2 protein chains.
Amino acid sequence: MSYTYKYPRPALTVDCVVFGYSSSNANLQVLLIQRGIEPYKGAWALPGGFVNMDEDLETAAKRELQEETGVCNVFLEQLFTFSAPQRDPRGRVVSVAYYALIPLDSVQPKAADDADNVAWYNVNKLPPLAFDHSLIMDTALRRLRAKVRYQPIGFELLPPKFPLSALRILYQSILNLDKPLEKRNFRKKILKLGILNPLDEYQQGVAHRAARLYSFDKQKYEQLQKREAVLSFDLF
Amino acid sequence: MSYTYKYPRPALTVDCVVFGYSSSNANLQVLLIQRGIEPYKGAWALPGGFVNMDEDLETAAKRELQEETGVCNVFLEQLFTFSAPQRDPRGRVVSVAYYALIPLDSVQPKAADDADNVAWYNVNKLPPLAFDHSLIMDTALRRLRAKVRYQPIGFELLPPKFPLSALRILYQSILNLDKPLEKRNFRKKILKLGILNPLDEYQQGVAHRAARLYSFDKQKYEQLQKREAVLSFDLF
DNA sequence: TCAAAAGTGTTACAGATACACCCATGT
DNA sequence: ACATGGGTGTATCTGTAACACTTTTGA
């Protein structure tokens, strides 16, 4: 390696907005960590940390996620890079934000990490956050709400087998629709997409007629994507 | 400032994918720079450079854009942050990519910068690019093609006053549709959106009936956005 | 037998698509 | 007069929205 840069360099971190969802209480939650040291000691913040010199950003985000929640193999996507010069009082820190989706019904995140205080907060009842983390949260929530409308990422928050009502309620929780989604039309629409496999399994232990379970068929989705990619033109 | 970080830090750069469009030749172009120094000496690359310690990333991207093209006040949006550890042979360099949209009919970018060789390339006829810039280009093009379908960013590539046919041809150039857009339906659809102002001005110097000119009404668009934001639910 | 959610069809309306001719202008 | 793109309306089809009752199960 015969070249090197000698410019002053900002520090580089990743921060993760970890969304969790459980069908039982039907609300969208975010994992926060209470800071044990200055600055912002005692304030809640997004999990995150420094990027190592030999890992790429997604690897760093996965590592943080593993350290904080014990969770791996979940949906993780780059969100935005935040770079306001004064965003960290300790000096110049640029942070690449990621967001993750965790199905709390099927994955068991460990309750707490190290000595830190870790907690899930309802996205609608967040405490004040350290640094510019409120801005990051807001960006993540807007991204999730937008993306869930045109990509099948909602399934990343559900267990592998789920009844249609769970999917419907999930959408209602993420989007804050003024009217609830209509049962029959939702069913028609989603089944017509052809990306769900009906299973010969049913809900158990419910005090009403047991609903059929479905699974998301990623392969079918990708095949359909390829086919329809160039055919239509929507214009806003 | 009583805290400082002492970790090893990747270098941080911005790279810009500068899209240019001119109605006269109706093709989408990208600004490239031929490298004068190693590594990749002689190869074509995206314009870009280091981020200063006191500027945020968007400011850095604007500065680069100004230096390379003399252009300012154009559409500029963060694209993605690229971080593969070996993407730059000189050492660890993380790059935040931006993309810009320039209406070549109304804005005059200066032909060349410094001693560098600068050129516009048709997006469908790109030369091999230095570093991971082909990946960045590909990401930018996919973003532009996706975004143009659901946000009115096409207007950023047209002069302030334009005939509807220019808009239609622009969409055809950006998306590679298998069939051309149908004139009457395109007109109906776009006018019904209510975000174009018809002007009392017409094309000049054309060897056929002169088309009415329109302008994009950003305020109307934003008002409509607010109103319709939560009302509909599309589901892919 | 009651409570609670599952499952099912039809009608009305809106938006999308397909399609062909006359008009205005410059050469 | 001719070549070139501008501008216009209708019929059909497809997808969306609104709406109520019967079925199954556990308590």
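Here is how names work: the chains are called A, B, and so on, in the same order as the sequence lines, proteins then strands, and each is numbered from 1. Because the structure is predicted, anything quoted here is derived from the model rather than measured.
- The separation between B:D178 atom CG and C:dT17 atom P is 12 Å, rounded to whole Å.
- The interatomic distance linking B:F162 (CZ) with D:dG6 (P) rounds to 14 Å, in whole Å.
- Panel note: side chain A:D132, backbone A:L135; no donor-acceptor pair is recorded below 3.5 Å.
- Toward the 5′ end of DNA chain D lies the nearest nucleotide of A:N185, the other residue of the pair A:N185 and A:H208 mapping further downstream.
- Taking atom CG of residue B:L213 and atom P of nucleotide D:dG6, one finds them 11 Å apart after rounding to whole Å.
- The residue among B:Y214 and A:V206 whose nearest nucleotide of DNA chain D lies closer to the 5′ end is B:Y214.
- Not a single donor-acceptor pair under 3.5 Å links the side chain of B:H133 to the backbone N or O of B:A45.
- Judged by distance alone, the side chain of A:D56 and the main-chain N or O of B:S83 form no donor-acceptor pair under 3.5 Å.
- Along DNA chain C, the nucleotide closest to B:K192 and the one closest to B:K179 are compared, and the more 5′ of them pairs with B:K192.
- Computed from coordinates, the A:R209 CZ to C:dC2 C1' distance equals 18 Å when rounded to whole Å.
- A:L164 CG to A:R168 CZ: the interatomic distance, rounded to the nearest 0.5 Å, is 8.5 Å.
- For A:R184 against D:dA20, a side-chain N or O and a base N or O form a donor-acceptor pair under 3.5 Å.
- The phosphate of C:dT8 has OP1 or OP2 within less than 4.0 Å of a side-chain N or O from A:R187.
- Remark: the A:K188 side chain and the D:dT14 base include no donor-acceptor N/O pair separated by less than 3.5 Å.
- Screening A:F155, A:Y202, A:F216, A:Y214 for a ring pair (Phe, Tyr, Trp, His ring centres under 6.0 Å) involving A:F162 leaves a single residue, A:F155.
- The CD atom of A:E182 sits 15 Å away from the P atom of C:dG7 (whole-angstrom rounding).
- Between B:Q203 atom CD and D:dG5 atom C1' there is a gap of 8 Å when expressed in whole angstrom units.
- Distance from the side chain of B:R212 is smallest for D:dG7 among the nucleotides D:dA27, C:dG7, D:dG7.
- Going from atom CG of A:L191 over to atom P of C:dA6 covers 13 Å, rounded to whole Å.
- In this structure, A:K189 reaches the sugar-phosphate backbone alone: every heavy-atom distance under 4.0 Å involves primed, P, OP1 or OP2 atoms, never a base.
- Side-chain to base pairing of B:K183 with D:dG6: one donor and one acceptor N or O lie within less than 3.5 Å of each other.
- Rounded to an integer number of Å, the gap from A:L177 CG to D:dA17 C1' is 14 Å.
- In this structure, A:R168 and A:A207 both approach DNA chain C, and ranking their closest nucleotides by distance from the 5' end singles out A:A207.
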